[in-house]
Amino acid sequence: MNPGQFPPRLKGAVAVAGVAALLTGCISSSASPQGTYATPIGNAPVIANPTPYSAALYCMADYARRYNLPSPRIAVGRISDYTGTVSADGGRQITGGASLMAMTALAKSGARIVERYDTSVSEMELRYANNRLIGDEGAGGADDVHYRRILAGSVPGTDFYIIGGITEVNYNIRSGGFDMAAGQAETDTPLSTAFSGKAFVMNVAIDLRLVQTTTLEVVDVISYQKQIIGREISAGVFDFLNGNVFDISAGEGGLEPVQLAVRALIERATVEFMANLYGAPGPEICLSAGPDPLGGTVGPTGGYYPAYPNTDTNNGDTRADPSRWHDRRDGAVRRGRY
């Protein structure tokens with residue numbers, strides 16, 4: 001049969017089959033010499049993962065190095081998700097890695113961090129060393145091996161530790177949208193168009209505590225929330241033309257990353273903890289700190305000290321200011337390294 005004699009329905013089926021064949025043309029049933037069936041899409045490079053408060057954390061480290069502020073040792077405990085929210089696919093809606101985010105934030109601020117979150121490897125090494133199963137090379141090289149000795153007091157203790165949790169996830173604090181459609185009913189080729197837009201706001205909140213290890217006194221408490229926005233816009237055209245139906249639509253949507261919002265909350269809280277420990281009055285220290293004298297030779301590390309009592313100079317009265325320490329809203333924050 002001549003292709004031009006195909007019935008209309010068969011023509012449509014052939015066209016659909018051809019499109020499907022083109023879509024699967026990039027997948028082979030035989031592995032390539034590199035051992036893959038297909039080349040993964042995407043070539044975005046690995047980049048830094050800052051928040052608007054990262055610059056303030058780096059400034060804290062610069063401030064401590066410049067004025068040679070000693071640093072107490074600080075550890076991070078469990079910062080768990082207490083909201084119990086579950087996503088549609090069955091997984092956790094909120095990250096379980098808030099403790100890891102807090103460790104990264106402390107490192108940015110120049111804290112001396114002591115590991116207490118996962119000590120499984122150290123405990124195993126300690127058991128092996130106690131049984132004289134671990135050896136360290138001596139001055140004589142590989143032939144001069146001595147078993148590792150356990151020395152009393154070799155593990156430094158902590159001065160403070162951070163604990164807390166993610167305590168709120170509120171969906172659809174406010175939402176809005178519109179739907180609009182128009183068309184022609186009395187023409188030979190009726191044309192219909194449709195437009196829609198939706199937006200909604202949710203939030204996530206944390207409550208953290210800074211505890212002095214030796215006394216178990218809670219010396220600082222932080223409670224912050226951040227709102228998150230999502231949107232969706234779509235438009236489409238629907239038409240009948242010569243007995244055929246055409247439905248063309250396009251849209252765009254986006255949701256502010258929820259886990260990045262958690263990281264921003266953790267970093268903002270860490271800024272406030274460290275400003276309190278340093279005795280820093282606020283973001284104005286970023287102006288007085290000046291250029292980092294060690295910039296380019298070491299990473300963003302440094303020290304701070306437990307500045308109690310410092311209620312006359314600390315930043316407790318201004319924590320509610322949403323622009324404070326924000327690198328795009330607070331002009332005092334010097335834009336640091338990312």
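There is a path of hydrophobic side-chain contacts, each under 4.5 Å, that joins I113 to V76. Y82 and I222 sit in two unconnected hydrophobic clusters of ILVMFWY residues. Membership requires side-chain heavy atoms under 4.5 Å apart, directly or through other members. V201 and V262 fall into different hydrophobic clusters, where Ile, Leu, Val, Met, Phe, Trp and Tyr side chains are chained together by heavy-atom contacts under 4.5 Å. If you chain together hydrophobic residues whose side chains sit under 4.5 Å apart, Y278 and Y67 fall into the same group. Cluster membership for L100 and L210, using ILVMFWY side-chain heavy atoms within less than 4.5 angstrom, is shared.
Taking CG of N49 as the start and CZ of R263 as the end, the distance is 4.5 Å to the nearest 0.5 Å. Here L265 contributes atom CG and I166 contributes atom CD1; the two are 8.5 Å apart, rounded to the nearest 0.5 Å. The CG atom of L260 sits 11.0 Å away from atom OG1 of T95, with the distance rounded to the nearest 0.5 Å. Atom OG1 of T85 sits about 12.0 Å away from atom CD of E168, to the nearest 0.5 Å. Annotation: the span from L133 atom CG to Y147 atom OH amounts to 12.0 Å, rounded to 0.5 Å. Atom-to-atom distance recorded for M103:CE and I74:CD1 is 11.0 Å, nearest 0.5 angstrom.
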Going through the distances and angles, do S223 and D207 end up as a side chain to side chain donor-acceptor pair (under 3.5 Å)? CA-CA 4 Å; S223 179; D207 290 84; 3.0 Å; yes
Before you tell me yes or no, could you show the steps for L106 and I162 under side chain to side chain contact (heavy atoms under 4.5 Å, CB included), namely the whole-Å CA-CA distance, both residues' side-chain angles and the distance that decides it to 0.1 Å? CA-CA 10 Å; L106 286 171; I162 297 174; 4.1 Å; yes
Could you walk me through whether Q227 and I229 pass side chain to side chain contact (heavy atoms under 4.5 Å, CB included), step by step? CA-CA 7 Å; Q227 292 192 350; I229 190 170; over 6 Å; no
Using the rule given for side chain to side chain contact (heavy atoms under 4.5 Å, CB included), can you reason through F273 versus L208, listing the C-alpha separation, both sets of side-chain angles and the distance that settles it, and then say yes or no? CA-CA 10 Å; F273 282 147; L208 300 181; 4.0 Å; yes
Chi angles and distances behind the side chain to side chain contact (heavy atoms under 4.5 Å, CB included) call for T83, V204: CA-CA 9 Å; T83 65; V204 59; over 6 Å; no
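The closest donor-acceptor contact from the side chain of S32 to the backbone of T36 lies under 3.5 Å. Looking only at distances, a side-chain donor or acceptor of S99 sits under 3.5 Å from a matching main-chain atom of I79.
Summarising the local packing, OH of Y128 is surrounded by 12 or fewer heavy atoms from other residues, nucleotides or ligands at distances under 6.0 Å.
Side-chain contact between Y53 and T270 is absent, with no heavy-atom pair separated by less than 4.5 Å. Using a 4.5 Å cut-off on side-chain heavy atoms (C-beta onward), K226 and I206 make no contact. Looking at Q93 and Y171, their side chains come closer than 4.5 Å, going by heavy atoms from C-beta outward.
Looking at every heavy atom in both residues, G77 comes nearest to I163 through CA-CG2, 3.9 Å. Among all heavy-atom pairs drawn from R116 and A75, the shortest one is CG-CB, 3.7 Å. Among all heavy-atom pairs drawn from Q259 and M101, the shortest one is O-CE, 3.8 Å. The shortest heavy-atom contact between V271 and M60 is O-CE, 4.0 Å. Contact between E267 and S54 at its shortest, heavy atoms only, is OE1-OG, 2.8 Å. The two residues V169 and M202 make their nearest non-hydrogen contact at CG1-CE, 3.9 Å.
In this structure, I150 belongs to a hydrophobic cluster whose other members, linked by side-chain heavy atoms under 4.5 Å apart, are L126.
With sequence neighbours excluded, the residues forming a side-chain contact (heavy atoms from CB on, under 4.5 Å) with T213 are T158, Y161, listed by chain and number.
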